[in-house]
Undergrad: 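Structure provided below as structure tokens; questions to follow.
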Protein chains: 2
Amino acid sequence: MSPKDAPTQMNGAESVVRSLHGAGVDVCFANPGTSEMQFVDALDRTGLMRCVLGLFEGVTTGAADGYARMARKPAVTLLHLAPGLANAGANMHNARKARAPMVNLVGDHAIRHRGYDAPLTADVEGAAAPFSDWVRTAQDAGSFAADAMDALGAAMSRPNKVATLIAPADIGWDPGGRLAAPPPAPVYAPLEEGAVARAAGMLGPDCVILASGTVLETPEAVAQLQGIAAATGATLRAPTSNRRFDRGAGRAPIQRVPYPINMALEALAPFRRAILIEAVPPVAFFAYPGRPSLLLPEGCEVHTLTGRDGDGPAAVAALADRLGAAPLVQDTPLPPAPQAGPITAPAIAAAIANALPEGAIVVDESISGGRDIWGATLGAAPHSWIGLTGGAIGDGIPMALGASVACPDRPVVALQADGSAMYTIQGLWSQAREGCNVTTVVFANRTYEILKTELAAVGANPGPSALNMLDLDRPGLDFVSLARGMGVPGQRVEDVAELMRVLRAAVAEPGPYVIEAAM
Amino acid sequence: MSPKDAPTQMNGAESVVRSLHGAGVDVCFANPGTSEMQFVDALDRTGLMRCVLGLFEGVTTGAADGYARMARKPAVTLLHLAPGLANAGANMHNARKARAPMVNLVGDHAIRHRGYDAPLTADVEGAAAPFSDWVRTAQDAGSFAADAMDALGAAMSRPNKVATLIAPADIGWDPGGRLAAPPPAPVYAPLEEGAVARAAGMLGPDCVILASGTVLETPEAVAQLQGIAAATGATLRAPTSNRRFDRGAGRAPIQRVPYPINMALEALAPFRRAILIEAVPPVAFFAYPGRPSLLLPEGCEVHTLTGRDGDGPAAVAALADRLGAAPLVQDTPLPPAPQAGPITAPAIAAAIANALPEGAIVVDESISGGRDIWGATLGAAPHSWIGLTGGAIGDGIPMALGASVACPDRPVVALQADGSAMYTIQGLWSQAREGCNVTTVVFANRTYEILKTELAAVGANPGPSALNMLDLDRPGLDFVSLARGMGVPGQRVEDVAELMRVLRAAVAEPGPYVIEAAM
């Protein structure tokens, strides 16, 4: 036993905080309760981490999701027992589907207290499991930091994972904590022999390349793929949902598989071969009567060049090298800046594309109202783009908070549907407290527009009771007042040229701002 | 097979809606998504239920909790897949700990779609289990309504339960639905032979009677227990958390076991015998170093007169009859109406006690700021009192919504801590939409005061990083703006006489109102 491994008077909580910090974790998104007071104390005494309070657990895990996507490493979250973990679950789900690394520390009752049916007693591991790739309950103070390093190692492994470590209160307060060494560096799955040659042999006009994961965060890799596509007649697509894109002017554009089932099927219908790079065969968001679940045509030959555990950019480079294909960056023109007029979907897209500053982070939870923005911003100033991955609405405002904490010098522009905004509206307060330069554009159409489309898709014609569950008027939500209530300034705009002007001003100023765009 | 049992062209969703309505369920608290569109359609076409939209799932289940406590029957909730169910979990937990009846209908992917890793795929049964007493996944349209009746039967059984029925989308849209008959009436566990005699023999000054459940909702039973206590020298207490009290002037008062561990231990220290009526041996909220988990003194003789599955009022009547004890109602005086001055804990308690109208429903999530209100309102106009049971904050605003839907003619006064309010603040919008007469008094101390107490209890002295996680200033929350943003009028008051005046005016007017009480 080395001196470092010797039991100490340090309590379990402090050993975890110090070990996580030693492994590079320096931000904690927290919503603590009584069972986490020893962590609050350890974070306070050591001063090693920036602690960001969320007023609701979904803010905490959503912020951790946005942080991880931009920092490319996990923050730690601090959560409270099974109900708090449940509140955190939807954005753990989104992070998990994004393959974003996340480490959750969840306090539980002291071990001796768990057998009693106390008011807050519930199955914490059970609440963690549906939304975690890795779950463990710490057993004693001496091994607690090692557990935390295992959680961190799991989170950083390929593909990244959501790891949840449950911490009975006494494990935190007991002495005998031991510091633990950082986990080993993650290892990529190697390229399989012959995988590149097989891919090269499949390319042609009947072939679609589906690339995701780190490929989309590597503009050089996307340019190489576009070069390969141009040289062979193949088509390049990203899946509908992805962790992050680095894109914009001077970077090769890439289109996504559309969300609506019929458009998705149509987009993929021409292909008899598919090459997957850090991707899996695409699946419909939902099943519909008379429509398939898998989106590639029946009989399509599918080849995984490298899986989600692989190094996509290296695989792409090997394929380009074999083909002798040069990278290709086709510039996409910016749409003209919109003239004064109502805020329609195409107009708001043009306004955002023209107002986006270089280095911005776009957080996309615009759902139906933002459908034209993706295409319009292909030629916008270079930016990162992170969006909803798991379909659990309410990730946008928190992700914007986390992205700003990760990259404080980059302006964040959050494209936010109104219905979705209300799931985690509390995140605006944390943006104000942390002084985040986040400009949130609320797409205020006052309806769950996407659900009206889905209701039509099941053949129904909504009457008053259905509309009562799909419309958000009566009363209309006033996002300027909501923002003011949490210390965030804002204004409502009804003209698209005014929207562009206000957006430009807001991103140029520090601190958060809310623009309610009346659609 | 009777004609009623014959398969029909009715789809599964419609068979469930019609069968639930046939069994007396006529309110649906809904937060639907794509997989529930057939329910939205069935609710719309049949017009059998009042559908109340929540902007967040925690509002939906919290409203169902408040509704069930006041209506004494379940509403149905409509929820969306595993992440939506997770969002609903904290208030399912509170309802479960309250033994409030609840039936959740949760859409899942169509059965054939569940094997694919679609964006919203996650383990729905797994997400339900920690917060449900009963979980089932429907298997086909023909048995779907029978499953719903089983869920309703489970929810209404003694003690009441949280039942979650998972509904794959195709089970809802498939034809062949069969109506199902209402579940059998719930059965109370009978009094065990000799249980009353044993209780009678234990009574005396060293005996505490702990009564909960339906006893506290039956003023006659509490009066009989007070009579028994007075006749024998025993002490009557309610547990710390309970589903509902019917109390106030003309009804016998009852004190609760205090929340703080030291006060709880002190309150129960004198007793060598305990009689439990619809109650279990009391457990500390949390474990603390050097403190026991069980609150009754070691060696205390415990006798369950009747359990949580029994008929407490009948057991009390039998005990009173055996003893020949007459009911006793000691009137507790109202505190004098407060004079102008700052809003302290005792002053706000006096203001609320004096302003409370007859027949009001008090919803208590005031946490630390409302500690004096319980005692002050013992002599207030007769009212019902429902409070947080499971310790998962964020039940107050939704419960007030649900209580008002259950009892539209009774004014609701919601006592709401500021930190807790932010978990489900979205419920104000539903209050406005439904025109609920709910007056919410926000105890704006701008801190998680209770956590400061808990941090002190683990021996820590908070520094800036700890205070950053416990204080809610920077920026201060402005609840008047937040309410306005959701269509609810309100005002901030800093003087307690003004508070009383505004509260009286607000409860006398229809519709919701928010009073931010600066403490």
Side-chain angles (χ1 to χ4, degrees), chain A residues 30 32 34 37-38 40-41 43-44 47 51 53 55-56 82-83 86-87 89-90 93 97 109-110 112-113 116 118-120 122-123 126-127 129-130 173 241 283 285-287 289 293 390-392 422-423 426 432-433 454-455 458 460 462-463 465-466 468-469 474-475 478 481-482 484-485 487, chain B residues 30 32 34 37-38 40-41 43-44 47 51 53 55-56 82-83 86-87 89-90 93 97 109-110 112-113 116 118-120 122-123 126-127 129-130 173 241 283 285-287 289 293 390-392 422-423 426 432-433 454-455 458 460 462-463 465-466 468-469 474-475 478 481-482 484-485 487:
Chain A
T34 299
M37 282 303 112
Q38 54 285 349
V40 170
D41 178 48
L43 289 161
D44 190 40
C51 296
L53 176 63
L55 295 180
F56 173 73
N87 282 336
H93 172 88
K97 297 291 178 167
H109 283 310
R112 68 165 160 87
H113 202 63
Y116 302 104
L120 271 160
D123 178 5
W173 76 52
S241 303
V283 174
F285 239 79
F286 295 102
S293 289
M422 291 307 294
Y423 281 70
Q426 306 94 332
R433 169 175 270 203
E454 298 285 0
L455 188 62
V458 303
S465 173
N468 199 42
M469 288 185 274
R474 299 175 297 115
D478 165 4
S481 290
L482 286 165
R484 183 185 309 126
Chain B
T34 299
M37 282 304 112
Q38 55 285 349
V40 170
D41 178 47
L43 289 162
D44 190 40
C51 296
L53 176 64
L55 296 179
F56 173 73
N87 282 336
H93 172 88
K97 297 291 176 165
H109 282 311
R112 67 165 159 90
H113 202 62
Y116 302 104
L120 270 162
D123 178 4
W173 77 51
S241 303
V283 174
F285 239 79
F286 296 102
S293 289
M422 291 306 293
Y423 281 69
Q426 305 93 333
R433 171 175 268 205
E454 298 286 359
L455 188 62
V458 304
S465 173
N468 199 43
M469 286 184 275
R474 299 173 300 112
D478 166 3
S481 290
L482 286 165
R484 183 183 309 124

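Letters go in sequence order (proteins before strands), and every chain restarts at 1. For clarity, every value in this text was computed on a predicted model and none was experimentally measured.
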Undergrad: For the pair H93(B) (side chain) and A86(A) (backbone), establish whether a donor and an acceptor sit closer than 3.5 Å, ignoring hydrogens and angles.
TA: no

Undergrad: Taking every heavy-atom pair that is under 4.5 Å apart, which of R112(A), Q38(A), R484(A) has the most such pairs with chain B?
TA: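 The candidate making the most pairs under 4.5 Å is R112(A).
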
Undergrad: Could you check which of P475(B), G89(B), P32(B), G487(B) has the highest count of heavy-atom pairs closer than 4.5 Å to chain A?
TA: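 The option with the most such pairs is P475(B).
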
Undergrad: Would you call L120(A) and F286(B) a side-chain contact if the rule is heavy atoms closer than 4.5 Å?
TA: yes

Undergrad: Minimum heavy-atom separation for M469(B) to A30(A), with atom names?
TA: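 Looking at all heavy atoms of both residues, the closest pair is SD-CB, 3.5 Å.
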
Undergrad: Look at M422(A), R433(A), E454(A), Q426(A) and state which one has the largest set of heavy-atom pairs under 4.5 Å with chain B.
TA: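 Of M422(A), R433(A), E454(A), Q426(A), R433(A) has the most heavy-atom pairs under 4.5 Å with chain B.
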
Undergrad: For L482(A), which atoms come within 4.5 Å of any heavy atom of chain B: side chain, backbone, both, or neither?
TA: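 When you check distances to chain B, atoms from both the backbone and side chain of L482(A) fall under 4.5 Å.
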
Undergrad: May I ask you to name which of G126(A), A110(A), A466(A) has the most heavy-atom pairs under 4.5 Å with chain B?
TA: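 Winner by heavy-atom pair count: A466(A).
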
Undergrad: Taking C-beta and beyond as the side chain, do N87(A) and N87(B) meet within less than 4.5 Å on heavy atoms?
TA: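 No; the side chains remain at least 4.5 Å from each other.
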
Undergrad: Examine whether an atom of A82(B) lies under 4.5 Å from a heavy atom of chain A, and if so say whether it belongs to the side chain, the backbone or both; otherwise answer neither.
TA: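 Contact with chain A involves both backbone and side-chain atoms of A82(B).
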
Undergrad: Going by heavy atoms in the side chains, are N468(B) and L53(A) under 4.5 Å from each other?
TA: no

Undergrad: If you take the centroid of each ring, where Trp contributes its six-membered ring, are F56(B) and F56(A) closer together than 6.0 Å?
TA: yes

Undergrad: For chain B, which of P130(A), P462(A), S293(A), A90(A) has the most heavy-atom pairs under 4.5 Å?
TA: S293(A)

Undergrad: Between D478(B), V40(B), D44(B), which residue shows the highest count of heavy-atom pairs closer than 4.5 Å to chain A?
TA: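 Max contact count across the listed options: D44(B).
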
Undergrad: Locate the shortest heavy-atom distance separating F285(A) from P119(B); write the atom from each residue and the value.
TA: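 Scanning both residues, the minimum pair turns out to be CE1-CG, 3.4 Å.
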
Undergrad: Output the option from L43(A), L55(A), D123(A), V283(A) having the highest count of non-hydrogen pairs under 4.5 Å with chain B.
TA: L55(A)

Undergrad: With under 30° as parallel and over 60° as perpendicular, where do the rings of H109(A) and H113(A) fit, or are they tilted in between?
TA: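 If you compare the ring of H109(A) with that of H113(A), the planes turn out perpendicular.
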
Undergrad: Between G391(B), A432(B), A392(B), who has the most heavy-atom pairs with chain A when the cutoff is under 4.5 Å?
TA: G391(B)

Undergrad: Counting heavy-atom pairs under 4.5 Å with chain B, which one of C51(A), S481(A), S241(A) comes out on top?
TA: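 Counting heavy-atom pairs under 4.5 Å, the top option is S481(A).
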
